[in-house]
Every structure is written in C-alpha cells, then in structure tokens.
Amino acid sequence: MSTPTSAPVAGDRDSAVAGDRRDAPATLSTFDLDAAWELNPKVALRPEPFGALLYHFGTRKLSFLKNLTVVGIVRSLAEHDDAESALAAAGIGAAERALYVQALTALADSGMIVRR
C-alpha cells in the first residue's frame with residue numbers, strides 16, 4: 001500500500017453547468033466520510049502505470065491520480081456504504097488516514113466523486 005505523493009489536480013470550477021448536481025463541485029465543507037460516494041457518472045477513469053487519469057465530460061477537467069491506493073479507493077466507493085468503509089477496506093490506518101481524506105476531499109471538491 002502506498003501513500004499519496006500529491007493531491008489530485010483541481011481544475012477550473014467556473015465551467016460547471018449550473019443546476020446539475022453532478023457537474024457542480026462540492027465545497028470542502030460538504031465532504032462527509034459517513035456519506036455514500038461514487039465516481040461521478042460523467043467521469044471516465046483510465047488506469048495508467050502511475051495511477052490513473054480522470055476526465056470529467058461535463059466540465060472537461062482532467063485530473064491525475066498518482067497513487068494506486070487512491071485509485072482503488074475511488075473505484076470501490078460505490079461498493080461501500082460510506083467513504084469511511086472504503087478507507088477501512090483499503091487498509092488505511094490512522095497514521096495515513098489524513099492524506100487519503102485530503103485526496104478524497106479534493107476529488108469531491110472538483111466534482112470527480114459525488115454523493116450517491
């Protein structure tokens with residue numbers, strides 16, 4: 001298991017389509033580990049040797065995930081009742097938890113993951 005080396009790249013938020021919850025980025029205060037999350041249906045995840053590329057078809061944002069563990073967590077979010085369970089299933093311990101929460105928060109903030 002590896003730890004994040006960098007946060008996902010956040011793009012321009014002004015291009016989000018008003019009124020569409022799946023395009024509008026969440027604010028940092030709305031990320032909740034006890035909520036159910038999933039990869040935004042408007043986002044394509046393409047595995048790469050370094051991690052993955054995320055492309056949002058609604059906002060045309062491109063993000064890079066440079067950590068295979070984060071990629072695995074993002075892929076598994078829909079299989080878990082909440083983000084906390086996804087972190088636990090990935091074996092994220094207390095010492096590394098803050099880094100992974102920061103990565104998930106950045107993905108929620110950019111609209112790459114959304115509440116289910």
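Side chains included, hydrogens not; waters and symmetry mates left out as well; all remaining heavy atoms used.
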* Separation between CG of Leu62 and OH of Tyr55, rounded to the nearest 0.5 Å -> 8.0 Å

* Taking the side chain as C-beta and beyond, is there a heavy-atom pair between Trp37 and Arg115 under 4.5 Å? -> yes

* Asked: Taking all atoms of both residues into account, what is the closest heavy-atom pair of Leu77 and Ala83, and its distance?
  -> CD2-CA, 4.2 Å

* Asked: Is the shortest heavy-atom distance from the side chain of Asp32 to the side chain of Asp82 under 4.5 Å?
  -> no

* To do: Side-chain contact test, heavy atoms from C-beta onward, threshold under 4.5 Å: evaluate it for Val71 versus Asn67 and give yes or no.
  => no

* **Rounded distance (nearest 0.5 Å) linking atom CG of Leu104 with atom CG of Leu99** => 11.0 Å

* To do: Over all heavy atoms of both residues, which pair between Ala90 and Ile73 is shortest? Give the atoms and the distance, please.
  => CB-CG1, 3.6 Å

* To the nearest 0.5 Å, what is the distance between OG (Ser110) and NE2 (His56)? -> 8.0 Å

* **Asn40 vs Ile113 side-chain heavy atoms within contact, under 4.5 Å** => no

* To do: Enter the distance from Asp34:CG to Ser85:OG here, rounded to the nearest 0.5 Å.
  => 8.5 Å

* Asked: Checking side chain to side chain contact (heavy atoms under 4.5 Å, CB included) for the pair Leu107/Leu39: CA distance, chi angles, key distance, verdict?
  -> CA-CA 9 Å; Leu107 290 170; Leu39 184 65; over 6 Å; no

* When rounded to the nearest 0.5 angstrom, what distance separates CG in Leu54 from CZ in Arg46? -> 11.0 Å

* **Candidates Glu38, Met112, Lys61 - the one meeting side-chain contact (heavy atoms from CB on, under 4.5 Å) with Val43** => Met112

* So do the side chains of Ile92 and Thr69 get within less than 4.5 Å of each other, counting heavy atoms only? -> yes

* Sidechain N-carboxylate O distance under 4.0 Å for Arg97, Glu84 -> yes

* Asked: Are the side chains of Arg75 and Leu45 in touch, meaning some heavy atoms are under 4.5 Å apart?
  -> yes

* **Heavy-atom closest contact (Ala89 atom, His80 atom, distance)** => CB-CE1, 3.4 Å

* Asked: Does Leu53 reach the side chain of Leu65, with side-chain heavy atoms less than 4.5 Å apart?
  -> no

